[in-house]
Number of protein chains: 2
Amino acid sequence: MPKEVLFNEAMVLQKATGLFWHKGYNGTSMDDLTKATGLSRSSLYNSFGDKHSLFMRCLNYYLSDQEKSLMQAVGGTASPLKKIKIAFKYMVDVILRDEKRDGCLMINTTTELCNVDEEIGTLVLKNTDAMEHLFQQWVKEAQQQGEIGKTFSAQAIGKHLLNTYSGLRISGQAKPDKKSLDDIVKVALSVLV
Amino acid sequence: MPKEVLFNEAMVLQKATGLFWHKGYNGTSMDDLTKATGLSRSSLYNSFGDKHSLFMRCLNYYLSDQEKSLMQAVGGTASPLKKIKIAFKYMVDVILRDEKRDGCLMINTTTELCNVDEEIGTLVLKNTDAMEHLFQQWVKEAQQQGEIGKTFSAQAIGKHLLNTYSGLRISGQAKPDKKSLDDIVKVALSVLV
DNA sequence: GTACATTTGGAACGACTATTCCAAACAAAA
DNA sequence: TTTTGTTTGGAATAGTCGTTCCAAATGTAC
């Protein structure tokens with residue numbers, strides 16, 4: 001029987017993700033990754049393939065982690081409108097807690113690699129659609145329950161909400177100021193009437 | 001007297017900017033830059049300093065160019081509200097014309113370097129403030145002329161508009177779809193009543 | 001304890017990185 | 001035409017890049 005793997009895979013992914021998040025894909029070297037994870041080159045290659053494969057694993061790790069957190073944040077309420085409001089409050093909180101100003105790994109990856117890496121491009125698209133769908137679902141339910149009007153379609157409002165979220169990550173990275181972000185959310189969500 | 005410089009500086013900056021724009025700062029090598037500009041290593045270093053200095057020059061070149069284009073787009077009207085609407089129509093056009101999906105160099109730079117490069121960080125902040133101020137000025141004038149209401153402050157609406165623009169660049173990079181972008185603009189600008 | 005299958009550390013690889021250096025090319029002034 | 005000061009191309013530098021390789025270490029089954 002083979003020797004067992006000594007490291008905790010989730011731990012390694014967490015460390016690697018943190019590094020890619022902070023320095024970007026091109027800004028992170030395999031040497032950085034060995035130092036951060038504590039694994040040797042061979043272990044890293046043996047367990048996760050090359051740099052690109054490891055990065056893909058990290059992206060998926062990040063996404064499932066983010067989704068889990070968001071769902072937990074909005075889990076307390078049944079009202080779809082409240083879910084939306086809580087989600088944005090939560091996002092602003094997350095942004096303001098991001099002291100290193102690393103932003104959102106998904107958005108960072110979009111701007112860095114979307115146009116030069118097809119595999120990344122499709123992952124980005126898939127995630128965008130998923131996020132859009134999530135918002136649209138909430139809006140649809142809120143409209144059905146009469147919490148918000150039907151002046152605009154759930155599709156359009158959902159896209160606007162995702163767009164506002166993406167904007168918040170950029171705005172927060174450029175200038176992490178609570179009042180600014182709160183203002184943005186206040187105005188952007190004022191369409192939900 | 002010295003030998004004269006043979007190349008056109010603006011042309012070199014344009015080529016270099018295009019490369020940084022497409023591949024990012026860390027993704028672009030000095031070798032790439034010599035090939036794209038046609039200059040030799042020594043000429044590049046002699047005329048623009050090191051890679052970082054050249055990049056800063058490119059960023060400023062890009063910004064002044066973008067500002068010029070935007071101002072030209074909105075130059076046709078005197079109404080501040082129309083200026084805002086035209087600006088967003090123009091932005092959507094620009095995004096849809098961006099076939100390579102390179103996005104906005106300023107936003108790409110924000111996500112790539114803002115958190116690891118102080119000099120970039122201050123430039124990003126400066127530009128953010130300038131853009132914010134531009135939108136706020138238009139909103140303020142529109143409010144004074146009664147084109148839009150005073151439910152929200154010009155500051156808040158201006159921030160929201162800039163945030164929407166940043167979001168559009170991300171949304172457009174992830175999924176460059178005219179209907180989606182139009183929907184976003186329609187909903188986001190519906191707060192201007 | 002021995003055989004086996006896998007992981008591990010570390011050396012080694014060639015390619016590429018940003019940058020420097022120098023001699024040759026060159027245009028204008030003397 | 002000679003001098004002068006700068007630009008130019010290309011070689012050279014030292015370092016880092018992602019990746020591969022191999023011998024040693026190690027845990028399990030017999």
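Protein chains get the first letters and strands the later ones, always in sequence-line order, with residue 1 at the start of each.
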ask   = Which residue pairs pass the side-chain hydrogen bond (donor to acceptor under 3.5 Å, both in side chains) test with at least one member in residues 24-35 of chain B, sequence neighbours excluded?
value = Lys23(B)-Asp32(B), Asn26(B)-Glu112(B), Ser29(B)-Asp32(B), Asp31(B)-Lys35(B), Asp31(B)-Arg41(B)

task = Please report how far the helix from dG1(C)-dC30(D) to dA30(C)-dT1(D) bends, comparing the axis fitted to its first five pairs with the axis fitted to its last five, to the nearest 10 degrees.
result = 10°

key: For Asp50(B), all residues meeting side-chain contact (heavy atoms from CB on, under 4.5 Å), sequence neighbours excluded   = Tyr45(B), His52(B), Ser53(B)

query = Residues in side-chain hydrogen bond (donor to acceptor under 3.5 Å, both in side chains) with Thr164(B), at least two apart?
reply = none

query = Tell me the side-chain hydrogen bond (donor to acceptor under 3.5 Å, both in side chains) pairs involving residues 176-190 of chain B, sequence neighbours left out?
reply = Lys159(A)-Ser180(B), Asp177(B)-Ser180(B), Lys178(B)-Asp182(B), Lys179(B)-Asp183(B)

query = For DNA chain D, what residues of residues 9-19 of chain B have any heavy atom nearer than 4.0 Å?
reply = none

key: Of residues 112-123 of chain B, the positions that come close to DNA chain D - non-hydrogen atoms, cut-off under 4.0 Å   = none

Please list, for nucleotides 14-18 of chain C, all pairs of protein and nucleotide N/O atoms separated by less than 3.5 Å.
| from | atom 1 | to | atom 2 | distance (Å) |
| --- | --- | --- | --- | --- |
| dT17(C) | OP1 | Ser29(B) | OG | 3.4 |
| dA18(C) | OP1 | Thr28(B) | O | 3.4 |
| dA18(C) | OP1 | Lys51(B) | NZ | 3.0 |
| dA18(C) | OP2 | Met30(B) | N | 2.7 |

remark   = Those residues at least two apart in sequence (or on a different chain) that pass side-chain contact (heavy atoms from CB on, under 4.5 Å) with Leu123(A) are Met56(A), Leu59(A), Asn60(A), Leu63(A), Met106(A)

inquiry  = Under the ring pair (Phe, Tyr, Trp, His ring centres under 6.0 Å) definition, can you give me all pairs with a residue in residues 70-92 of chain A, not counting sequence neighbours?
reply    = Phe88(A)-Phe135(A)

Selection residues 104-134 of chain A - residue pairs positive for ring pair (Phe, Tyr, Trp, His ring centres under 6.0 Å), sequence neighbours left out = none

task = Return each pair, listed once, that meets salt bridge (charged side-chain N to carboxylate O under 4.0 Å, His left out) where at least one residue sits in residues 76-92 of chain A; pairs must be two or more places apart or across chains.
result = none

